[in-house]
Amino acid sequence: MREKAKTIAVAGCLLALIIICYHAGEHLKRSALNDRETSGAVSGSGTGTLIVLDAGHGGIDVGKMGVNGAEEKEINLKISIKIKKLLTKEGISVLMTRSSDDRLGDTQKDDLKERVRIMNKERPTLAVSVHQNSYKGAEVRGPQVFYYTDSDAGRSAARILQAELNQIEPAYSREEKGNDSYYILKNAKVPAVIIECGFLSNPEEAEMLVTDEYQDMVAGAVAEGIKKYID
C-alpha cells in the first residue's frame, strides 16, 4: 500500500513539474513575442527582403513645428506605421527604428548614430527615413526624396519613390535630389533615402499632413515605391 502511495506521489510530482514547465514555456514565448513587437520587427513570409523604416525625431526632439502647431515627430511615426502595415501585408519584413514616441539617444547626434547603427547592423535591402519639410517661404510644397550622392542604389530607390509620391499632387511634382551631408545618408552602409513627405510651413499642406486620409495616400505611395524598387 505504501509503495502504491509512493508511486502516486511521484506521478503527481512529475505531473506538477510538467505543468510548471509548460506554463513557463508559454510565458517565455509570450515575452519573446512582446519584445519583438515592441522593437518594431515584423516577420515576413521568407522573401529575404528587409526594409528599415526610420520615423525621424521623437521624444523631446519634436522636429519641425507646423504653422498649424503640428509636430513633425508625430506625423513621421504615423506615416511610418501605415507604411509598415502595407508592406507586411505583402509579406515584406519590416524593422522600425522606433515604434513609439522616443528618442534613440540622449543627444541629437547620439540619436542619429543609433539609427545608423541599426541600419548597418540589420543590412536591409533599403532604409527609408521619414520626415517632414519646412521652408521660409510658405508657398513651397510637395514631397522630396533625398539620396546619398555617391549611391547608385540610393539614387535608383529615390527616383522610384519620388515618381510615386509625385502622383499624389502632380502640380507640385519634384525631382529626387542627391545629398552628401545628411548624417544618415552619409553614414549608412546600405541603400538609404530620406523622404520629406511635405512642407509643414505651407498652411494647406500642413493641414493635409495631419489627416489620416492624406497620410494613407503618402504611405501608399511610399509602400508602392518600395515594392517596385525591390522587385
Results of salt bridge (charged side-chain N to carboxylate O under 4.0 Å, His left out) for K82 - residues two or more places apart only: D212, D216
Residue set satisfying side chain to side chain donor-acceptor pair (under 3.5 Å) with T149, at least two apart, ordered chain then number -> none
Test side chain to side chain contact (heavy atoms under 4.5 Å, CB included) on I75 and L200 and set out the steps. CA-CA 10 Å; I75 300 172; L200 290 175; 3.8 Å; yes
Would you say E122 has more than 12 foreign heavy atoms packed within less than 6.0 Å of its CD? yes
Step by step, would you call I83 with V128 a side chain to side chain contact (heavy atoms under 4.5 Å, CB included)? CA-CA 10 Å; I83 297 169; V128 178; 5.6 Å; no
I need the K73 NZ to D101 CG distance, nearest 0.5 Å. 3.5 Å
One should read off an interatomic distance between L104 CG and I118 CD1, to the nearest 0.5 angstrom, of 5.5 Å
For the hydrophobic clusters of this structure (ILVMFWY residues joined by side-chain heavy atoms under 4.5 Å, transitively), does one cluster hold both F199 and Y214? no
So, does N133 use its side chain to make a donor-acceptor pair with the main chain of G198 at under 3.5 Å? no
Could you give all pairs that pass the ring pair (Phe, Tyr, Trp, His ring centres under 6.0 Å) test and reach residues 117-147, with sequence neighbours left out? H57-H131, F146-Y182
Please table the atom pairs, donor to acceptor, closer than 3.5 Å between any side-chain atom in residues 221-231 and protein atoms at least two apart or in another chain.
from : atom 1 : to   : atom 2 : distance (Å)
E224 : OE1    : K227 : NZ     : 3.4
K228 : NZ     : E164 : OE2    : 2.6

Is any side-chain heavy atom of E72 closer than 4.5 Å to one of M65? no
Would you say the side chain of R123 lies within less than 4.5 Å of the side chain of K189, judging by non-hydrogen atoms? yes
Which pair of heavy atoms, one from L112 and one from Y183, lies closest together, and at what distance? CB-CD2, 3.7 Å
Which residue in the set V52, N187, L126, L95 passes side chain to side chain contact (heavy atoms under 4.5 Å, CB included) when paired with M119? V52
Among pairs that include at least one residue of residues 190-210, which meet salt bridge (charged side-chain N to carboxylate O under 4.0 Å, His left out), considering only residues two or more places apart or in two chains? R141-E204
May I ask you to decide if L209's main-chain N or O and Q215's side chain share a donor-acceptor pair within less than 3.5 Å? yes
Rounding to 0.5 Å, atoms CG (N76) and CZ (R98) come to a distance of 6.5 Å
Separation of S151 OG from L185 CG (nearest 0.5 Å): 9.0 Å
Which pair of heavy atoms, one from R103 and one from G58, lies closest together, and at what distance? CB-O, 3.4 Å
By salt bridge (charged side-chain N to carboxylate O under 4.0 Å, His left out), D150 pairs with (sequence neighbours left out) none
Nearest 0.5 Å, what's the CD1-OG distance between I168 and S173? 10.0 Å
Side-chain heavy-atom pair R115, S129 within 4.5 angstrom cut-off: no
How long is the gap from CD1 on I194 to CG on L161, to the nearest 0.5 Å? 12.5 Å
What do the steps show when you test N179 against Y148 for side chain to side chain contact (heavy atoms under 4.5 Å, CB included), and what is the final call? CA-CA 5 Å; N179 179 280; Y148 187 58; 5.9 Å; no
